[in-house]
Amino acid sequence: MIADDKSNAAAYWKANVRLIASCLVVWAFVSYGCAILFRPLLASIPVGGTDLGFWFAQQGSILTFIALIFFYAWRMNQLDKKFGLGE
């Protein structure tokens, strides 16, 4: 019984860490990659009177971060239900 609890907790923690890591990768790509590294490539795509690279640097990173917060909360609710930890 205790071994099942430990393996269940380990699987839950592994899924949680994987979710956090994937969210951080997306956030880093959008914040650093699209806004700084790939800005010259995105400069030719117009968005709202400016180029896409500038848009990511000014607004896209923030909006992506907010979307990731909601995605993380939604996915964690699914994980909680899957592992029997739902509210």
Side-chain angles (χ1 to χ4, degrees):
M1 186 80 167
I2 293 176
D4 286 341
D5 290 341
K6 284 187 178 185
S7 66
N8 196 26
Y12 177 77
W13 183 245
K14 185 177 179 181
N16 187 9
V17 170
R18 190 178 318 121
L19 177 61
I20 291 170
S22 63
C23 286
L24 285 174
V25 166
V26 170
W27 185 38
F29 174 75
V30 171
S31 297
Y32 187 69
C34 291
I36 297 171
L37 294 177
F38 303 123
R39 183 156 193 265
L41 297 173
L42 299 173
S44 63
I45 303 170
V47 171
T50 187
D51 61 272
L52 187 60
F54 180 78
W55 183 84
F56 269 115
Q58 296 300 311
Q59 297 172 358
S61 302
I62 297 167
L63 294 176
T64 302
F65 180 66
I66 292 170
L68 282 173
I69 291 170
F70 285 105
F71 172 76
Y72 177 78
W74 171 73
R75 188 68 181 111
M76 279 306 297
N77 283 334
Q78 286 185 336
L79 281 175
D80 288 345
K81 289 177 186 174
K82 178 180 175 183
F83 288 97
L85 303 169
E87 295 178 28

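A quick note: this is a predicted structure, and the numbers were derived from the prediction, not measured.
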Checklist outcome for this item: Quick note, side chain to side chain donor-acceptor pair (under 3.5 Å) partners involving residues 17-26, not counting sequence neighbours, are none

Checklist entry - Applying salt bridge (charged side-chain N to carboxylate O under 4.0 Å, His left out), which residue pairs with at least one partner in residues 42-70 are found, sequence neighbours left out? => result Arg39-Asp51

Next on the checklist: Check for me, please, whether Val17 and Trp74 land in the same ILVMFWY cluster - side-chain distances under 4.5 Å, paths through other members count.
Outcome noted: no

Checklist entry - Who are the ring-ring contact (aromatic ring centres under 6.0 Å, His included) partners of Phe65, not counting sequence neighbours? => result Trp27

Checklist entry - If you take all heavy atoms of Ser31 and Ser61, which pair is closest and at what distance? => result CA-OG, 3.5 Å

Next on the checklist: Does anything in residues 60-72 form a salt bridge (charged side-chain N to carboxylate O under 4.0 Å, His left out)? List the pairs, not counting sequence neighbours.
Outcome noted: none

Item to check | Ile20-Trp13 co-clustered via ILVMFWY side chain contacts under 4.5 Å | outcome: no

Checklist entry - Shared ILVMFWY cluster between Val47 and Phe29, side chains joined below 4.5 angstrom? => result yes

Checklist entry - CZ of Phe54 to CD1 of Ile45: how many Å apart, nearest 0.5 Å? => result 16.0 Å

Item to check | Contacts of Gln59 that satisfy side chain to side chain donor-acceptor pair (under 3.5 Å) - sequence neighbours left out | outcome: Trp55

Item to check | Same cluster (ILVMFWY, side-chain, under 4.5 Å), Leu42 and Ile62 | outcome: no

Next on the checklist: Among residues at least two apart in sequence or on other chains, which ones pass side-chain contact (heavy atoms from CB on, under 4.5 Å) with Leu79?
Outcome noted: Tyr12, Ala15, Leu19, Arg75, Met76, Phe83

